[in-house]
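Each remark here refers to the structure printed beneath this line.
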Amino acid sequence: MIGKKLLEQTCEAVKQLYGQEIKPGTIGLEITKKEIAGDFTIVVFPLLKISHKSPEATANDIGNFLKASIPEISEFNVIKGFLNIVLYDGFWLDFLQENCLRSDFGILEPRKEAPIVLEYSSPNTNKPLHLGHIRNNLLGFSLSEILKANGHNVVKVNLVNDRGIHICKSMLAYMKWGNGETPVSSGIKGDHLIGRYYVLFDSEYKTEIKQLVDQGLTEELAAKQAPLILEAQEVLRKWEARDPEIYQLWETMNNWAYEGFDLTYRRLGVDFNKIYYESGTYLLGKELVMEGLASGALLKKEDGSIWADLRDEGLDEKLLLRADGTSVYMTQDLGTAQLRYDEFRPSDMIYVVGNEQNYHFDVLKKVLGKLGKEFAGHISHLSYGMVELPMGKMKSREGTVVDADDLMDEMYLTAETTTRELGKANELSGDEAFALFNTIGLGALKYFILKVDPKKNMLFDPKESIDFNGNTGPFIQYTYARIRSLLSRAQAAGFAPGGTDIPPGTSLEPLEKETIRRLFLFSGAVIQAGSEMNPAVIANYVYDLAKGYNQFYQELPVLKEDNPAKLMIRLTITEFVGRTIQTAMTLLGIGVPARM
RNA sequence: GGCUCCGUAGUUCAAUGGAUAGAACGGAAGUUUCCUAAACUUUAAAUGCAGGUUCGAUUCCUGCCGGGGCUACCA
């Protein structure tokens with residue numbers, strides 16, 4: 001509001017003073033830096049060409065104009081080309097009183113418009129979820145919350161890769177060496193049990209390759225001719241032909257995986273509105289490919305395989321259907337996209353997928369475009385960086401994968417140990433303690449992942465583990481718990497935050513005003529996080545808010561303040577900060593405890 | 001090789017082209033008869049190299065050096 005007014009009036013000032021129309025976008029409006037007197041700063045350097053005056057003179061011109069036209073402005077100062085504007089404390093008090101009790105502060109009303117379909121998670125059924133999936137799931141869930149807070153209607157979808165050569169490998173290994181083992185008989189979580197057979201396949205396969213190489217074959221040839229891989233391919237063909245025995249085993253093993261995934265998802269706190277299965281979409285993909293072939297958009301090679309030629313668009317040729325008629329990853333993604341479009345008529349389709357698949361999504365969009373799908377232009381890819389370990393990339397075959405379930409177990413244990421060491425679990429019941437350790441442990445993990453810009457690779461050191469002090473989830477949770485504690489004391493003493501008792505004309509102390517200014521910035525952070533598809537914006541915002549409040553809390557008495565007006569202002573700020581921390585953490589998918 | 005992303009304190013992360021490059025951890029020194037010390041305060045410490053555009057560059061452009069990813073009839 002005030003920001004918009006400042007920009008508009010600055011444009012008006014330029015028009016009246018210098019006789020030239022400019023767009024608001026050409027002016028830089030910022031929050032004044034902490035060390036400098038002021039609330040908002042307008043950078044006038046870009047206007048010098050129009051004003052033909054020095055930076056100082058230009059800033060003074062505009063400052064005088066704004067002060068005359070905007071009643072909220074009490075004064076201004078100029079440092080070089082920076083026009084620092086100071087608002088009356090009354091402006092900040094009004095803002096505080098109007099918003100402190102709103103549960104929807106910073107959140108936009110849902111709009112009635114076509115939904116955004118957001119795909120995330122996308123597991124393979126041949127192995128359990130790991131740290132990379134955790135980043136994916138946390139980003140996807142948080143992004144959905146952020147988009148909703150921006151007024152969008154969001155449909156969260158999961159696409160399970162339940163078919164393909166990878167699951168056939170697990171199945172083959174199970175048929176050969178499984179001896180009828182089940183999650184119940186072994187006591188192993190279903191997804192982990194399947195993962196074992198995938199690993200087993202891989203090691204046996206490697207052994208075969210080595211033998212063939214010893215017999216004189218090249219590595220490449222050996223990998224193609226090893227009996228196990230040929231058998232796995234045969235399993236895939238049988239599966240596509242709906243061979244009853246194979247099909248039944250496939251259903252059984254996939255259900256093991258789903259049971260395992262459900263537990264992991266529930267614990268992580270993520271969910272979906274709809275789950276797609278690749279087995280249910282790849283046939284539609286095949287149809288689309290055949291249509292594309294008929295229309296001449298695609299081409300068939302001599303061996304019968306079908307391709308998209310994207311060479312004139314800067315990419316290469318892309319296989320869409322193998323010579324034996326079986327489909328590939330791209331085939332089903334074409335079908336899935338079409339299915340989603342038909343089902344939801346979305347305004348946009350967002351895919352949360354690692355940056356190693358950037359090329360895949362370039363190709364997907366181009367192929368859909370070639371097939372004449374206008375929704376191809378509404379596909380966007382939230383491409384996130386990899387999670388690296390100190391040793392480098394995670395490799396399932398080398399056993400350096402950080403398992404999602406194990407990691408959550410460790411976080412829980414660390415939370416428990418730390419809390420007990422601090423003596424803060426003594427008065428809790430068993431259920432309360434369990435809930436608290438989960439909240440803290442997961443909060444630490446989630447914040448650790450989400451505070452990093454999604455686009456960037458990030459490092460995770462399992463040995464160093466995740467800290468609970470400093471710029472962390474528990475730090476923010478702790479700030480919240482102290483606020484809740486203070487608020488319940490206030491209630492007991494008969495004080496109700498809300499600011500009705502604040503006399504007009506009350507002045508604010510620097511720490512009070514600074515905290516209110518931080519609260520003021522929340523709406524902008526929500527909008528920025530949404531438009532950039534970046535939860536880290538919210539994470540960094542809420543850390544800054546909590547950090548600032550801790551200083552406020554340390555330096556200023558609230559309930560022990562003698563002056564009733566000051567007491568009310570500080571209590572109201574406390575209430576407002578507590579609500580905003582909770583809202584922001586909800587956008588990240590992180591819970592906050594009433595005490596810790 | 002081609003395409004692409006990334007190089008910021010010892011370490012992990014910030015910084016719509018704007019003021020003196022912010023935090024946290026680790027290091028050094030402090031704060032508790034006071035609303036929860038998982039906190040707060042003080043302090044040392046960084047933009048890979050060389051050019052260019054600009055009033056102004058960590059940010060944009062070029063080259064170099066270093067690292068990741070893709071370049072599959074895997075997903």
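First the proteins, then the strands, lettered A, B, ... as listed; each starts at 1. Values reported hereafter were calculated over all heavy atoms of this structure, with side chains retained and with hydrogens, waters and symmetry mates removed.
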Next item on the list: Please check if any side-chain donor atom of Glu514(A) sits under 3.5 Å from a side-chain acceptor atom of Tyr549(A), or the reverse.
Entry: no

Next item on the list: Report which part of the nucleic acid Gly314(A) touches: base, sugar-phosphate, or nothing (heavy-atom distance under 4.0 Å, all strands).
Entry: nothing

Check: With a cut-off of under 6.0 Å to the ring centre and 45° to the axis, is Lys301(A) in cation-pi contact with Trp307(A)?
Finding: yes

Note to self: Taking U8(B) as the reference, what is the distance to C49(B) when you measure between their C1' atoms (whole Å, please)?
What the structure shows: 15 Å

Next item on the list: Looking at every strand, decide which applies to Leu321(A) at a 4.0 Å heavy-atom threshold: base, sugar-phosphate, or nothing.
Entry: nothing

Notebook entry, point to check: Which listed nucleotide (A38(B), C35(B), U16(B)) is nearest to the side chain of Arg489(A)?
Noted result: C35(B)

Next item on the list: Could you tell me the separation between the CD atom of Glu30(A) and the P atom of G17(B), rounded to a whole number of Å?
Entry: 11 Å

Check: Which nucleotide in the list G18(B), A38(B), A19(B) gets nearest to the side chain of Thr32(A)?
Finding: A19(B)

Note to self: Side chain of Glu555(A) only, heavy atoms from C-beta on: which candidate in A14(B), G18(B), C40(B) is closest?
What the structure shows: C40(B)

Next item on the list: Write down the distance separating the C1' atoms in U41(B) and G48(B), rounded off to the nearest Å.
Entry: 35 Å

Note to self: Please verify the inter-ring angle class for Phe82(A) with Phe45(A); under 30° counts as parallel, over 60° as perpendicular, anything in between as tilted.
What the structure shows: perpendicular

Next item on the list: Please measure how far the P atom in G51(B) lies from the corresponding atom in U47(B), and state the result in whole Å.
Entry: 16 Å

Check: To the nearest angstrom, how far is Leu486(A) atom CG from A39(B) atom P?
Finding: 18 Å

Check: When you match Ala415(A) and Lys80(A) each to their closest nucleotide on RNA chain B, which lands nearer the 5' end?
Finding: Lys80(A)

Next item on the list: Provide, to the nearest angstrom, the distance between the OH atom belonging to Tyr447(A) and the C1' atom belonging to U12(B).
Entry: 12 Å

Checklist line | Side chain of Lys547(A) (C-beta onward), nearest among C13(B), U20(B), A23(B) | finding: A23(B)

Item checked: Tyr543(A) ring over A23(B) six-membered base ring, under 5.5 Å and 30° -> no

Next item on the list: Look at all strands and tell whether Asp362(A) reaches a base, only sugar-phosphate, or nothing, counting heavy atoms closer than 4.0 Å.
Entry: nothing

Item checked: Side-chain donor-acceptor contact under 3.5 Å, Asn158(A) with Tyr120(A) -> no

Next item on the list: For Leu320(A), report the nucleic acid contact type (base, sugar-phosphate, nothing); a contact means any heavy atom under 4.0 Å.
Entry: nothing

Next item on the list: Figure out the NZ/C1' separation between Lys560(A) and U33(B), and round it to whole Å.
Entry: 11 Å

Note to self: I need the CZ-P distance between Phe448(A) and A14(B), as an integer number of Å.
What the structure shows: 11 Å

Margin query: Considering every strand and a 4.0 Å limit on heavy-atom distances, what is the contact class for Thr419(A): base, sugar-phosphate, or nothing?
Written below: base

Item checked: Span that lies between the C1' atom of U71(B) and that of C60(B), in whole angstrom -> 28 Å

Item checked: A38(B) phosphate, OP1 or OP2, under 4.0 Å from Arg482(A) side-chain N/O -> no

Next item on the list: Grab the CZ-C1' distance between Phe495(A) and C35(B) for me, whole Å please.
Entry: 12 Å

Next item on the list: Mind telling me whether Trp239(A) and Tyr282(A) have parallel, tilted or perpendicular rings, with 30° and 60° as the class edges?
Entry: tilted

Next item on the list: Please say which of Glu512(A), Glu575(A), Glu555(A) ends up in a salt bridge (Lys or Arg N to Asp or Glu O under 4.0 Å) with Arg570(A).
Entry: Glu512(A)

Notebook entry, point to check: Do Ser121(A) and Asn137(A) have a side chain donor and acceptor closer than 3.5 Å?
Noted result: yes

Checklist line | Among A19(B), A38(B), C13(B), the one nearest Thr41(A) by side-chain distance | finding: A19(B)

Check: For every nucleotide of nucleotides 67-75 of chain B, 5' to 3': is a protein heavy atom under 4.0 Å from its base (B), only from its sugar-phosphate (S), or from neither (-)?
Finding: -SSS--BSB

Note to self: Is it the case that the side chains of Asn254(A) and Thr125(A) hold a donor-acceptor pair, with the cut-off being a distance below 3.5 Å and no angle test?
What the structure shows: yes

Margin query: By the 4.0 Å heavy-atom rule, please label Val43(A) as base, sugar-phosphate, or nothing.
Written below: base

Check: Using a cut-off of 4.0 Å on non-hydrogen atoms, how would the nucleic acid contact of Pro46(A) be classed: base, sugar-phosphate, or nothing?
Finding: base

Notebook entry, point to check: So what is the 5' to 3' dot-bracket string for RNA chain B, if pairs are Watson-Crick or G-U wobble with both distances under 3.5 Å, crossing pairs use [ ] and | means the partner sits on another strand?
Noted result: (((((((..((((....[...)))).(((((.......)))))....(((((..]....))))))))))))....

Note to self: For Tyr553(A), does the six-membered ring have the charged nitrogen or CZ of Arg482(A) within the cation-pi criterion, i.e. under 6.0 angstrom from the centroid and within 45° of the normal?
What the structure shows: yes

Next item on the list: Take the protein atom CG of Leu511(A) and the nucleotide atom C1' of C35(B), then report the distance between them rounded to whole Å.
Entry: 16 Å

Next item on the list: Check the side chains of Asn355(A) and His381(A) for a donor-acceptor pair under 3.5 angstrom, ignoring hydrogens and angles.
Entry: no

Margin query: With the threshold set at under 4.0 Å for non-hydrogen atoms, list the residues of residues 466-476 of chain A touching RNA chain B in residue-number order.
Written below: Asp467(A), Phe468(A), Asn469(A), Gly470(A), Asn471(A), Phe475(A)

Checklist line | Nearest-Å distance once atom P is located in both G26(B) and A50(B) | finding: 34 Å

Note to self: Any donor-acceptor pair, under 3.5 Å, between the side chain of Lys424(A) and the base of U36(B), if you only look at N and O atoms?
What the structure shows: yes

Check: Counting only side-chain N and O atoms of Tyr553(A), is one of them less than 4.0 Å from OP1 or OP2 of U36(B)?
Finding: yes

Notebook entry, point to check: Can you tell me how far CD1 of Ile36(A) sits from CG of Asn84(A), rounded to the nearest 0.5 angstrom?
Noted result: 5.5 Å

Check: Distance between the P atoms of U43(B) and A21(B), in whole angstroms?
Finding: 15 Å

Note to self: Considering every strand and a 4.0 Å limit on heavy-atom distances, what is the contact class for Ala490(A): base, sugar-phosphate, or nothing?
What the structure shows: nothing

Check: Rounded to the nearest Å, what distance is computed from the CG atom of residue Leu48(A) to the P atom of nucleotide G18(B)?
Finding: 16 Å

Notebook entry, point to check: With sugar-phosphate meaning primed atoms plus P, OP1 and OP2, does Leu422(A) contact a base, only sugar-phosphate, or nothing at under 4.0 Å between heavy atoms?
Noted result: base

Next item on the list: Taking atom P in both C73(B) and U54(B), compute the distance separating them and give it to the nearest angstrom.
Entry: 48 Å

Note to self: Using the side chain to side chain donor-acceptor pair (under 3.5 Å) definition, which of the options Asp61(A), Asn60(A), Thr58(A) pairs with Lys53(A)?
What the structure shows: Asp61(A)

Notebook entry, point to check: Among Thr419(A), Leu422(A), Thr414(A), which one satisfies side chain to side chain contact (heavy atoms under 4.5 Å, CB included) with Phe468(A)?
Noted result: Thr414(A)

Margin query: Any base atoms under 4.0 Å from Lys455(A), or only sugar-phosphate, or nothing? Heavy atoms, all strands.
Written below: nothing

Next item on the list: Between A46(B) and A15(B), how far apart are the C1' atoms? Round to whole Å, please.
Entry: 14 Å

Note to self: Testing the basics here: between Ala490(A) and Leu571(A), what is the closest heavy-atom pair and its distance to 0.1 Å?
What the structure shows: CB-CD1, 3.6 Å

Next item on the list: Could you tell me the separation between the CH2 atom of Trp250(A) and the OG atom of Ser170(A), rounded to the nearest 0.5 Å?
Entry: 14.0 Å

